[in-house]
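Following: one structure in structure tokens, then a few remarks.
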Protein chains: 4
Amino acid sequence: MRFHEAYRRHVLMPDFRFARQHLAGHFLDAMTAHVRTVKRLKDPKIQAHQKDIERLLDELQKLRNQELPNYNSEVPDLYFAFNQRLEAKLGQETVSFLRMGLSRNDLDMTVYKMRTRHLTLAIIEQVCTLRAALLAQAEKHLATILIAQTHHQPGQPTTVAHYLMAIDNVLSRHLEKLFDGYRHLNTCPLGSAALAGSSHALEREFTASELGFDAPVSNTYEAVASSDWQVDFVNNMQSVALTLSRFVNDLIVWASHNLFRLSDGLVQGSSIMPQKRNPVALEHARTRFSRTLGSAQMVIYSSHNIPYADLNDFGPDIQGALVSLYIQLEGGLELLTACLQEGQFDTGKLAQEALCSDTTATELADELTRHFNYSFQEAHHLAAALVNKLSQEGRILQEATSEDLVNLGGPRLEVKVLKEALDPVAFVERRRGIGGPAPERVKDHVTRALQEQAEYVDRLAHLHSQLAESHQNLVMQRKEKP
Amino acid sequence: MRFHEAYRRHVLMPDFRFARQHLAGHFLDAMTAHVRTVKRLKDPKIQAHQKDIERLLDELQKLRNQELPNYNSEVPDLYFAFNQRLEAKLGQETVSFLRMGLSRNDLDMTVYKMRTRHLTLAIIEQVCTLRAALLAQAEKHLATILIAQTHHQPGQPTTVAHYLMAIDNVLSRHLEKLFDGYRHLNTCPLGSAALAGSSHALEREFTASELGFDAPVSNTYEAVASSDWQVDFVNNMQSVALTLSRFVNDLIVWASHNLFRLSDGLVQGSSIMPQKRNPVALEHARTRFSRTLGSAQMVIYSSHNIPYADLNDFGPDIQGALVSLYIQLEGGLELLTACLQEGQFDTGKLAQEALCSDTTATELADELTRHFNYSFQEAHHLAAALVNKLSQEGRILQEATSEDLVNLGGPRLEVKVLKEALDPVAFVERRRGIGGPAPERVKDHVTRALQEQAEYVDRLAHLHSQLAESHQNLVMQRKEKP
Amino acid sequence: MRFHEAYRRHVLMPDFRFARQHLAGHFLDAMTAHVRTVKRLKDPKIQAHQKDIERLLDELQKLRNQELPNYNSEVPDLYFAFNQRLEAKLGQETVSFLRMGLSRNDLDMTVYKMRTRHLTLAIIEQVCTLRAALLAQAEKHLATILIAQTHHQPGQPTTVAHYLMAIDNVLSRHLEKLFDGYRHLNTCPLGSAALAGSSHALEREFTASELGFDAPVSNTYEAVASSDWQVDFVNNMQSVALTLSRFVNDLIVWASHNLFRLSDGLVQGSSIMPQKRNPVALEHARTRFSRTLGSAQMVIYSSHNIPYADLNDFGPDIQGALVSLYIQLEGGLELLTACLQEGQFDTGKLAQEALCSDTTATELADELTRHFNYSFQEAHHLAAALVNKLSQEGRILQEATSEDLVNLGGPRLEVKVLKEALDPVAFVERRRGIGGPAPERVKDHVTRALQEQAEYVDRLAHLHSQLAESHQNLVMQRKEKP
Amino acid sequence: MRFHEAYRRHVLMPDFRFARQHLAGHFLDAMTAHVRTVKRLKDPKIQAHQKDIERLLDELQKLRNQELPNYNSEVPDLYFAFNQRLEAKLGQETVSFLRMGLSRNDLDMTVYKMRTRHLTLAIIEQVCTLRAALLAQAEKHLATILIAQTHHQPGQPTTVAHYLMAIDNVLSRHLEKLFDGYRHLNTCPLGSAALAGSSHALEREFTASELGFDAPVSNTYEAVASSDWQVDFVNNMQSVALTLSRFVNDLIVWASHNLFRLSDGLVQGSSIMPQKRNPVALEHARTRFSRTLGSAQMVIYSSHNIPYADLNDFGPDIQGALVSLYIQLEGGLELLTACLQEGQFDTGKLAQEALCSDTTATELADELTRHFNYSFQEAHHLAAALVNKLSQEGRILQEATSEDLVNLGGPRLEVKVLKEALDPVAFVERRRGIGGPAPERVKDHVTRALQEQAEYVDRLAHLHSQLAESHQNLVMQRKEKP
């Protein structure tokens, strides 16, 4: 009971519980890898105690199958609770082979990175799933006209698929950055001890490889002092959340106008308003993105204006925030994915909207410059006057006749030419340049995206199996023993 | 099982658990107050069912002593789970007196405000306790010289008490703002229904008073749409955290130089470095302040660029962040308080430091202008030259002799005058103007602060008992029944 | 040229320019007040040089009418540039009465607070103007039905005035907090010197009063070390920006549906889309609120994890951020005010929308409980079924007949009762409880708000004239001299 | 004068000035590239007007040598001001070839990306310069012992070079990410028109290549709607600032203890305290990092909860924040670089500190396990007891004798073994594993870093020359004309 009650309540107890829930397996992996590294030391003492070290490894293995220790006031953390158990079983001397050249500094940092590796892969997986749902909708709506807004006003016709592939482009970049973040993260602190490494000749490449890391961190001070890997993680989460806060905003507006309809399992009614069918899943997704952005600041603040040294700020004290950040983003991603998977764009209502907008005016202006000696400025002016005049008469642009143009002092366009110029479908089909909304153009884009997506899924599977293998390797070596 | 699995997992289940843990009592209070308001309606139907309404109130009372309902997939939230239980016992018709003119919109918002009231009072209490610890240290160290730094360099002598009372001034303002925040918060949404109030003539002042609110919110739309009360809460927490991040920074520096020594229960050793005695409680307090600032952003983001309307963003989706914000700040406050209560300023080491600094140079310059025809600029110049020269000789300012000044072309100060001018204790005692560090001046300040502190404690007790009374009133009315 | 080029370019030069543009007058006021305080010292030397001090005050006065000094590499800041001028004119000895017991620490902090006082009053003024525009719209639209949304779906009928008064309630609280912030801010650091005050017996109450402060800061260390007054300012700005980000969001949605129409001077067309009339003033207002929230973080970060001591972080280095925060919010407020002053709610379109929604379903349910033996739950269920059925038939709720209800197994409501229950105007008029939308109820609210607004305007004028008087007093005393 | 005064003052005027100062050259490049793309259209009208288009290109070229237009109330922005000038010279018809298929949407976004490209390269350059200064210090201090702290307490001996190379590792990752950010950014929006591309067959690859972009943005909607490239930029700046906030914190502590001495051009004295030599350049660097973090939030908030569409939020309204973010970080980087280039680690004081610490206790414990049958736990315990005992006697660990150990019940270590175990220099030299502080190990690390640094400098030069070439190409094509 040597620790102050406030310290136990606010620090030791919650940290222990967190470690127990989120880090225990990683601790056992890392401890095992360290002992296996110690076992390889040329040191005569080590050579003389190979059997003891084997027993220690066995006992570490057994810990995996036991119930995890609960918080008790005698030990400060889970690592020491494991030590306590091991010592009770094997005695201090045998357990000392675990303690050789090991500090909580490098051990903790290793375990935290292992945890964040998993969180990163989980997010990659969810972004891939979201993307699959999005690509499936895009394939369905290559020709579904959407009146796109700019500045909160109807802008020009495009298609649902074109819009979705614009989002997809951003998701693709996010995936690339998430994989990059994984790579930047995936170096192993173990063997760095307190900060200066150990005078024991520990083979750090071996340890790193045992734990599925690409390499050891190449400076032992850095290994225990750096927090930029957390900031990378946070930046990536934040960036995804921000993109999706914009996407979800559009889905909400469309849901609000019944252009996009959520499935029944994702809406809620009201306790007092009988007519209600609220698209709450989207709203809750939005708030998760907002909370992700806020949680990000927890991590940023925790690394701000502190020494570049081993500290609690970016160690135990921020791991909960990283997990909470993950949970927020996971929630947002899964809710949004469900909405996309089960939601339906109402092609009827979208088509109706397309008919009523004045958004083909740009093409009318372009046609005037093509067929007559009009500058674009004059044509723009004339088209604007036409929209205005029709609006005063309660008519819409698509109802315009050749006569209307002539009456405004304009030239006489052939009826067919005019009709096509004002047609949203034609508008879209004419835009077949790189990146344009013409259905066959977007179809190609979808095809490329599906290929890329398959590659990402492969890369993900590869990383997953790497981790699984190294973990299995650590576990199996014990099991194989007679 | 009508809700989508992702919706249940990410929304309904965690929200239910949160409500169960943090809001259940407030829900029962608010529901009771609403039914009691309904009971007063002049409406003949209500008059005819007074007994049923009594039974409903009784049953609401009994819910308090039952185990709380667990999450189940049939109902969306805790409120409906309570409804379910009541209907099972009393039938739908009787329970309908609860549902009259009640929406989850106004009910939830009422409950959230009740929760935040408690959190605010809890923070006020902890700030008061911190302040008491701080004032006790100040009383002990009225004459303990501290060499205060400016720009990370030794500046001038002051006292530990003077420094602490500077912090105390800020804490006092924080307390005032916390009480203001409570007042701004303490109006009752109930009776606002979905947003437009009800066509039932509910007496909203009565409801408000039953629940310990100062008044009903004076616009029913505002009642369900406003989130500024959350932002107030957050701003206050953030503001306290920021002030204390600076205070704790100084304590860490002092602890790092052994000028301030933490008690054994608040330090930790190292698993690898035998010499260690780390002032970790302060470090953990710092991180809690950092996390408070980050959590604040969760709440700010959740109210950003959303409609001014009833929404989940600042409703169920952000209550967890408010509690988490509270927990961070509570942790920081309690750790810091423990450090102050049990920590000791090392007067020996502080005195030694005071002897070695050159920080009385300002007073030397002032004395030169007093005793000779020196402008302050010349005197400043001469004092700087003296410090410089002594430093080159490996001497400190307090060792300066009259000869040293003369050698630099300065006047000859009497030995006694020079000695006093260079003495940190005299330096402090001479500064007896308003707000100055002279011990008797600071003693007065401490006395005033203790009085003010007592008044705050009274105000706090008054608010606590108001809430307790209104709660007891709601509970007792039932118990008194035969 | 003693300073490093990077230091001059990134620190001295921009700080000088900032001080020249924003602080020069405050510097001269504060320097004058300090010299006037020095002049009152009982010190024989001071008594002997009263004439010199008068000359110094005269010269300070003259500086006001001269062109401000430009940055030059010989002096580090504007204060020393003023010193340089004064010394050139009066000699070092006379100017030394300015330097007595004065540090840049207390001088700068005084000047910064004076600046922030003005910024606070300017924001108060702009919020008052916005509020006036809002109240004027509310008066015009007491009976204009607005279908209010909850969860991005039509919720219930209310009025434009009811909605606006909900916003007004929040603005009123913001004003109260802004005045509180002014009060918390308005204490004078001058006389605190470096941090410990001076051994000269400066009358700090006198100095404070000369500069229009309510009192001197009651602890000299606090005077130069505290940054909570900045955080208060920032919190208030942030809080206003957040509220208005929500209000502006609604206006954008209404503008986007032509329910609210901006004046021509506040919209923009498109360089390529002839039909465009973008409500850009609202969009730009939104971004200014977003930038306000970001700028707020500049100030918060600058006070995070730094010592509680005199430092540049919250001194010269953050004043630009405070001004930039102000400019963003000012821009947002003025754009929004212009939109409200000149914008028009389209009562025709709003009325049409009111007729087409199903949002009176709540009242129908209430009526069923009033006229028949229906529980609210049953009535809610029946109303929902009705909405659903009509929707399948392509009809809206207001077209429902008594027959429709009967066909669904419901009771037969009298035609008149049914019609009224479904009428949005009746819906609103029936809601006349505290805070309800019934026009006469809201009219009272507007009247109270106008009175309160007038009081705020008075308080503002009072503070403005206090500052003007103290400033004039400092200037006049010189002018009156023969 | 059609725009509202508030709109002109808060939007048009500042935006115009910003564009004039920061974007004018990019506008002319982009407009030129667009016209050159138009010129290649197969369209007969275009073929017929090749000469006119040449004249337009000539005139665009001449604009580069004219004074830039000032803001005037007739045109909304710089682009239209250029248009106005061109039309005045060439007539509307000729200028219409600029307007073909061009929208401010794609033009602005192109220009903004061009600007951010330059900002990114500038930051890369400054990080490279900082790194060079850091590596130079590391080379000088391979063997300079530094007592590294963990948890704000002396931890273990390492070297200044080891510490600096830990920072260098992080800077190296930052550089990699900055280059990645450049690549993600470097795709060209031009040709996307309003959002759907144009019905003119503009060759977007050609345009992209003319402007030094790697490719056109592959979806025209994305081209005008995405803001993730800004968020990338911001994340990278934020990440660098956070790392350096930690580094600068250490330098400040060392400067504060005179272990690191700034050159005279980077310190400031005090107006009142003659003894002062404040390391203000470091303090100002710190605040610039804090402000960078705050400015980052301006950009994040501006993309939060807005539609995914062309908007002002992440367009004109945030470019100032991007530049301001850049300026803050640039200031911090250059100040810090100057401090490192001219600052000196005081090897004498560092050596003295190394002698007085108890930080070799870990090695003593390790030695006990090597030479005797001690477990690490026992050895740790014994070493801790020794430190404690000596401290009570006022002695330090390096003074320990073999006798001292024996007196505590420990074994008798040979004098030479003990002496070496306690020697900080030996401590460091023994740590020669991967990433350890042994001087020859760190020397290798420095060598590798210098190579890598040279490669980065090459990559940077390559990108710079790519941009310069494409710019020159656009300019020269005109100049070459007879």
Side-chain angles (χ1 to χ4, degrees), chain A residues 149-156 249 251-253 255-258 267-280 282-284 286 297 300-307 313 357-366 376-377 379-388 390-391 396-397, chain C residues 149-156 249 251-253 255-258 267-280 282-284 286 297 300-307 313 357-366 376-377 379-388 390-391 396-397:
Chain A
Q149 297 213 330
T150 68
H151 303 289
H152 299 276
Q153 290 289 329
Q156 290 187 339
N249 180 87
L251 291 174
I252 286 175
V253 170
S256 169
H257 293 74
N258 297 315
V267 301
Q268 271 200 276
S270 159
S271 61
I272 192 167
M273 294 173 282
Q275 86 281 4
K276 278 289 206 159
R277 195 177 180 282
N278 294 323
V280 280
L282 289 168
E283 199 182 324
H284 286 293
R286 174 178 65 197
Q297 287 299 303
I300 307 293
Y301 270 110
S302 291
S303 276
H304 179 241
N305 279 353
I306 55 168
D313 301 64
S357 82
D358 299 332
T359 56
T360 47
T362 308
E363 191 60 20
L364 174 61
D366 276 331
F376 183 77
Q377 296 94 313
H380 183 285
H381 193 78
L382 182 58
L386 180 63
V387 168
N388 230 348
L390 293 169
S391 153
I396 58 168
L397 182 60
Chain C
Q149 298 213 328
T150 69
H151 303 289
H152 299 276
Q153 290 290 329
Q156 288 187 342
N249 180 88
L251 290 175
I252 286 175
V253 171
S256 168
H257 293 74
N258 298 315
V267 301
Q268 272 198 275
S270 158
S271 60
I272 193 167
M273 293 173 282
Q275 85 282 5
K276 277 289 207 156
R277 197 177 179 281
N278 294 323
V280 280
L282 289 168
E283 200 182 324
H284 287 292
R286 175 177 66 196
Q297 286 300 302
I300 308 294
Y301 269 110
S302 291
S303 277
H304 178 241
N305 278 355
I306 56 168
D313 300 65
S357 84
D358 298 334
T359 55
T360 48
T362 308
E363 191 59 21
L364 174 62
D366 276 333
F376 183 77
Q377 296 95 313
H380 182 285
H381 193 76
L382 182 57
L386 180 62
V387 167
N388 231 349
L390 293 170
S391 154
I396 58 168
L397 184 60

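Letters A, B, ... mirror the listed sequences (proteins, then strands); counts begin at 1.
The NZ atom of A/Lys276 sits 11.5 Å away from atom CG of C/Asp358, with the distance rounded to the nearest 0.5 Å. Here the straight-line distance linking atom CD of C/Gln153 with atom CD1 of A/Ile252 works out to 10.5 Å at 0.5 Å rounding.
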Report the C-alpha separation of C/His152 and A/Leu282 in whole Å, then their side-chain angles, then the decisive distance to 0.1 Å, and conclude whether the side-chain contact (heavy atoms from CB on, under 4.5 Å) test is met. CA-CA 10 Å; C/His152 299 276; A/Leu282 289 168; over 6 Å; no
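The residue among C/Asn305, C/Asn388, C/Leu386 with the most heavy atom pairs within less than 4.5 Å of chain A is C/Asn305. Of the residues considered (C/Gln268, C/Gln149, C/Gln297), C/Gln297 shows the highest number of contacts with chain A, using heavy-atom pairs under 4.5 Å. Per-residue counts of heavy-atom pairs under 4.5 Å with chain A were compared for C/Ile272, C/Val387, C/Val253; the largest is that of C/Ile272. With respect to chain C, the highest number of heavy-atom pairs below 4.5 Å among A/Ala365, A/Gly269, A/Pro154 belongs to A/Pro154. Of the listed residues (A/Thr359, A/Val280, A/Ile306), the one with the most heavy-atom contacts under 4.5 Å to chain C is A/Thr359. For the set C/Gln156, C/Gln377, C/Glu363, the entry with the most heavy-atom pairs within less than 4.5 Å of chain A is C/Gln156.
Interface residue A/Phe376: only side-chain heavy atoms are found under 4.5 Å from chain C. With a 4.5 angstrom heavy-atom cutoff, A/Ala385 does not touch chain C via any of its atoms. Heavy atoms closer than 4.5 Å to chain A are found nowhere in C/His381, neither backbone nor side chain. Looking at C/Ser271, the atoms closer than 4.5 Å to chain A (heavy atoms on both sides) all sit in the backbone: N, CA, C or O. In this structure, chain A has no heavy atom under 4.5 Å from any part of C/Ala379.
At distances below 3.5 Å, at least one donor-acceptor pair connects side-chain atoms of C/Gln275 with backbone N or O atoms of A/Gly155. Although no hydrogens or angles enter the test, the distance criterion places a donor-acceptor pair under 3.5 Å between the side chain of C/His380 and the main chain of A/Ser270.
The two residues C/Ala384 and A/Pro274 have their closest heavy-atom pair at CB-O, 3.3 Å. Heavy atoms only, all atoms of each residue included: C/Tyr301 and A/His304 are closest at O-CE1, 3.1 Å.
In this structure, A/Met273 and C/His151 have side chains that are not in contact, with every pair of non-hydrogen atoms separated by 4.5 Å or more.
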